[in-house]
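Taking it in order: structure first as structure tokens, then the write-up.
Just follow the structure's listing: the first ligand is 1, and inside any ligand the first atom is 1.
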Amino acid sequence: MSAFFERFFDDFTKSREFADIELLNPLDMHLHLRQGAMLESVLPFSARSFALGVVMPNLNPPITTTALAVDYRDEIMRLSEDFTPFMTLYLHENLSLEELKEASVQGIRILKLYPKGATTGSENGVREVVSERILEILSLAQDLGFILSIHGESNGYCMDREFEFLEVYEFLARSFPRLKIIIEHMSDRRSLESLEKYENLYATLTLHHILLSLDDVLGGLMQPDLFCKPMIKTPSDRDALLLCALSAHPKVSFGSDSAPHLQSKKYSAHAPGGIFSAPIALSVLASVFAHYDRLENLQSFVSDNARKNYALDSVLCDRRKVVRLTPKMWEIPQSVACENDAISVLFGGRKSAFRQIEGN
Ligand code: NCD
Ligand code: ZN
């Protein structure tokens, strides 16, 4: 029996004719770019497909100050001409109110909350979200117009962690009605209900959570390349999230959560979570939306929703990065080289139906 996602590859286009697709300013609202050699290896793939990426701060050490965020932004900008890194600040208990004000002055607009220990680089995260200290920070964040992005997982059973965290999302949404809160990499169908309940709750969706289920990760030989946080869940979660993407739900934006790790780490006894999807994200999304005849919604899902919900007009201004995809098969590379190692590419080895045309 072939996996659900196989239908989006190889020859599904043989029986139908598709036109070229043009996307204006695709935006990746959740992206891990790392630093140094790995940044150099992975950045070209995001810069080729996206006008802007929300750059996650879970480095070692994490991006906890404006000065670190500005240095990191400079490091990224030195390596790419046509890509806007939209920086985030790592929320922790000792973040001072002055630091938050300084971040705001320097144009940093997103605060990222990791519960301590939830994922890669969360060792310095928040121990107790609903605590006096964190609520004080969030109150100022609301006044300064920050967006709060949350890796929302409890420390309970791994498949229920996002669901268990929904009460925290809802408490924060009620307590700070003017603070936009993002359910990052939404993975559980039950989160969709919270989105409808609170006007100020939004979400990002990855490619892997709309196409894969736990069966693909663990149902046959174990696939460390498909292991990520939050865990990929059941077929019914996948199906509900896929529908949400295909309909371009107005409160949901694409965020790849492309999170590269070296194969030497991924194939070791303690594989870290993270899926590297930047090289294929737009091309596979095009196949998925084409397969379901929903191409008219792709522009909203990969750009317009985020532009509106994150108020990006002042950042993008009259930017016109047009990305073109043509219905032509290409083989996805298995991996991307990084120093003497490699990073596996999601769906490597399969044939994708839409190819991005270079030289836009
Ligand atoms: C991310 C990483 O590797 O930085 N890993 C992951 O499994 N998604 C961190 C994160 O977003 O959870
Ligand atoms: Zn992430």
Practice task
Examine His185 and say whether one of its N/O/S atoms is closer to the Zn ion (ligand 2) than 2.8 Å.
Solution key: no
Problem - Basic-acidic side-chain contact under 4.0 Å: Glu6, Arg350 - result: yes
Exercise for the section: Check whether the ring centres of Phe50 and Phe83 lie less than 6.0 Å apart, and answer yes or no. Expected result: no
Exercise for the section: Kindly say whether the aromatic ring centers of Phe5 and Phe347 come within a distance under 6.0 Å. Expected result: yes
Handout entry: Aromatic ring proximity Tyr310/Phe86, centre distance under 6.0 Å
Key = no
Handout entry: the Zn ion (ligand 2) contact by His32, N, O or S atom under 2.8 Å
Key = yes
Exercise for the section: Quick one: look up the protein heavy atom nearest atom 7 (O) of ligand 1 and list residue, atom name and how far away it is. Expected result: Lys229 N, 2.7 Å
Problem - SB check Arg190 Glu193 (cutoff 4.0 Å) - result: no
Handout entry: For Asp257, the ligand 1 atoms whose distance to one of its heavy atoms is below 4.0 Å
Key = 8 (N), 11 (O)
Exercise for the section: Kindly confirm or rule out an N or O of Ala259 lying under 3.5 angstrom from an N or O of ligand 1. Expected result: no
Handout entry: Proximity of Glu184 to ligand 1 by residue part, where a heavy atom lies under 4.0 Å
Key = neither
Problem - Within-cut-off N or O pair, Gly273 and ligand 1, under 3.5 Å - result: yes
Fill in the blank from the handout: Here the atoms of ligand 1 under 4.0 Å from any heavy atom belonging to Cys228 are 7 (O)
Exercise for the section: Can you pull out the closest protein heavy atom to atom 10 (C) of ligand 1? Residue, atom name and distance to 0.1 Å, please. Expected result: Thr119 OG1, 3.4 Å
Problem - Sub-4.0 Å heavy-atom approach of His30 to ligand 1 - result: yes
Exercise for the section: Give a yes/no verdict on a cation-pi contact between Lys251 and Tyr202, requiring under 6.0 Å between NZ or CZ and the six-membered ring centre and an angle within 45° of the axis. Expected result: yes
Practice task
Answer yes or no: is there an ion pair linking Lys229 with Glu153, defined by an N-O contact shorter than 4.0 Å?
Solution key: no
Exercise for the section: State which residue, out of Ile357, Ile21, Leu282, Val302, fulfils the side-chain contact (heavy atoms from CB on, under 4.5 Å) condition with Val323. Expected result: Leu282
Practice task
Indicate if the distance from the Zn ion (ligand 2) to the nearest N, O or S atom of Asp257 falls below 2.8 Å.
Solution key: yes
Completion exercise
min-distance protein heavy atom vs atom 2 (C) of ligand 1 -> Arg34 NH2, 3.4 Å
Exercise for the section: With heavy atoms under 4.0 Å as the rule, classify the contact between Met56 and ligand 1 as side chain, backbone, both or neither. Expected result: neither
Handout entry: From CA spacing to verdict: salt bridge (Lys or Arg N to Asp or Glu O under 4.0 Å), Asp215, Arg238
Key = CA-CA 11 Å; Asp215 235 14; Arg238 175 199 64 204; over 6 Å; no
Fill in the blank from the handout: Any heavy atom of Asn58 under 4.0 Å from ligand 1? The part involved is side chain
Exercise for the section: Run the salt-bridge test on Arg48 and Glu358 with the 4.0 Å N-O cut-off and return the result as yes or no. Expected result: yes
Practice task
Before signing off on this row, confirm whether Lys112 and ligand 1 have an N or O atom pair separated by under 3.5 Å.
Solution key: no
